[in-house]
Amino acid sequence: MVFKRLLGSLGVGGPSVDTVLDPGAPTPGGDLRGQVHLKGGSADFTVEHITLELVAHVEAEHDGGESEGAIVFHRQVVGGSFRLAEGEARSVPFSFPLPWETPMTELYGQDLGITLGVRTELGIAGGKDKGDLDRLAVRPLPVQEAILEALGRLGFVFKSADLELGHIRGTGQQLPFYQEIEVAPAPQYAHQVNEIEVTFLAGPAGTEVVLEADKRGGFLSEDHDAVSRHTVGHHGIDQVDWNAEVESWMRQLVEHRASYGSASPYGAPSPYGSHDANGHGAPHADKDHHHVHHGDGHGHRSGPGMGTAVAAGAAGLAVGVVGGMVAAEAVDEIGDFFEGDEEEEEGDEG
């Protein structure tokens, strides 16, 4: 199988490619930097293009249950239109911004179980070939980290994270999937909900925070979980009391869920509105088949970005990430993802 991969679609004696990412994890919207190292083959070749693909391992729900697979969510041409001489060694540096909605794979340097990869496609006159997947690590934006940090301080506990194929209606979502971070409720909400799912949809102007509370005790029918949306800016993060902000979001979500499920018909306005970080009310929209209330305000956009160090006791949400089983499963899934991709390509070549 290895011999097959070495042959590739370019034939024996074709050039080889090795992509090396710069150290450190970028943020969504931040620059991904690195070098593509080329080694010429047994003859001269014209390199038409060097393209990097960003690949994610996603889950899809359907009538038959649930399935998993890889999806390319961004392609970037980083070089090309040059002659690579026989045996020539050449390095092509690259730098390009990640999509703003690129999911985070780690929190405080600890793996969340999200699998992303970078794959290099080399286009040569007469053919093209794709290399192996290299793992891509992405850290959260400062505002995302501040919100997750607040959840940990408030007593919410990380359970899992995954990528769901689909679109959240009523939002500005751009990618064909979204990230869900599942947390167990803080003690004061444990009697009302089983878990809360947090989704970040970042953009140049700010981040939409979508919160979904599941059902408990029959408040809602199977398809009617409560969802709220809030908009926050990228700046002035250290000027916000995130504990109070996030606590108010959670209180509104749980209250809306209880009142909406017990008194309001599906699709009708709830007496509890959801607000953004400036307290503006909102109309409703839909998250797939779920009911959504969302904010329309402008978030916090003044002052410097977050510059305060994360105190050891404030990283409560991240503690559970490396609690044995979750970390081990994350490593296994990452290995399976990349091994499965290679097997697929080998099967295609055979």
Side-chain angles (χ1 to χ4, degrees), residues 1-58 69-99 101-103 105 114-138 163 175-177 333-350:
M1 287 192 292
V2 174
F3 184 61
K4 269 192 191 178
R5 272 195 80 71
L6 289 175
L7 291 180
S9 62
L10 300 179
V12 178
S16 62
V17 183
D18 181 26
T19 298
V20 179
L21 302 179
D22 283 2
T27 62
D31 288 339
L32 180 65
R33 295 185 174 92
Q35 301 262 344
V36 178
H37 301 299
L38 301 172
K39 178 69 173 178
S42 58
D44 292 355
F45 285 88
T46 298
V47 177
E48 295 181 341
H49 69 87
I50 303 170
T51 301
L52 299 184
E53 294 181 338
L54 303 184
V55 184
H57 182 228
V58 303
I71 185 170
V72 175
F73 65 94
H74 185 74
R75 284 174 56 87
Q76 184 78 34
V77 177
V78 297
S81 300
F82 61 86
R83 192 78 173 165
L84 186 67
E86 177 183 352
E88 177 188 356
R90 180 184 295 216
S91 293
V92 179
F94 63 84
S95 175
F96 64 90
L98 293 175
E101 291 177 16
T102 300
T105 66
I114 297 298
T115 51
L116 301 181
V118 179
R119 183 163 49 202
T120 308
E121 179 182 281
L122 185 63
I124 300 292
K128 63 181 180 180
D129 199 10
K130 293 183 180 181
D132 296 332
L133 275 170
D134 298 299
R135 183 178 172 182
L136 171 63
V138 178
L163 304 181
L175 294 183
F177 60 85
E333 287 175 4
I334 291 165
D336 292 344
F337 175 51
F338 292 121
E339 287 169 12
D341 177 84
E342 290 179 5
E343 287 168 5
E344 267 184 33
E345 290 186 357
E346 286 166 2
D348 292 343
E349 291 168 4

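What's counted below: heavy atoms across the whole structure, side chains too, no hydrogens, waters or symmetry copies.
Put simply, the side chain of F45 does not reach to within 4.5 Å of the side chain of L38, judged on heavy atoms. Side-chain contact check for R90 versus F82: some heavy-atom pair is nearer than 4.5 Å.
For the atom pair T105 OG1 and L163 CG, the distance stands at 10.0 Å (nearest 0.5 Å). Distance check: D22 CG to L32 CG gives 8.0 Å after rounding to the nearest 0.5 Å. How far CZ of F96 is from NE2 of H74: 5.0 Å, rounded to the nearest 0.5 Å. Note that the CG atom of L54 and the CD1 atom of I71 stand 12.0 Å from one another [nearest 0.5 Å]. Interatomic distance, CD1 of I50 versus OG1 of T120, reported as 8.5 Å (0.5 Å rounding). Here the CZ-OG1 distance, from R119 to T51, works out to 12.0 Å after rounding to the nearest 0.5 Å.
In plain terms, the two heavy atoms of P28 and T102 that are nearest each other are CG-O, 3.3 Å. When all heavy atoms are compared, the tightest approach of P97 to G29 is CB-O, 3.9 Å. Considering every non-hydrogen atom in both L116 and P103, the closest pair reads CD1-O, 3.6 Å. Taking every heavy atom of both residues into account, S91 and Q35 meet most closely at CB-OE1, 3.4 Å. Looking at every heavy atom in both residues, E88 comes nearest to R83 through OE1-O, 3.8 Å. In this structure, D31 and P26 approach most closely via the heavy-atom pair O-CB, 3.6 Å.
Judged by distance alone, with hydrogens and angles left aside, the side-chain atoms of E53 form no donor-acceptor pair with the main-chain N or O of V72 at under 3.5 Å.
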Under the criterion side chain to side chain contact (heavy atoms under 4.5 Å, CB included), I'd like the reasoning laid out for V118 against L133: C-alpha separation, chi angles, the key distance, then a yes or no.
CA-CA 5 Å; V118 179; L133 275 170; 5.9 Å; no
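Looking at residues two or more places apart in sequence or on another chain, you find no side-chain hydrogen bond (donor to acceptor under 3.5 Å, both in side chains) involving E86.
Aromatic ring pairs are classed by plane angle as parallel below 30°, tilted from 30° to 60° and perpendicular above 60°; the pair F73 and F177 is perpendicular.
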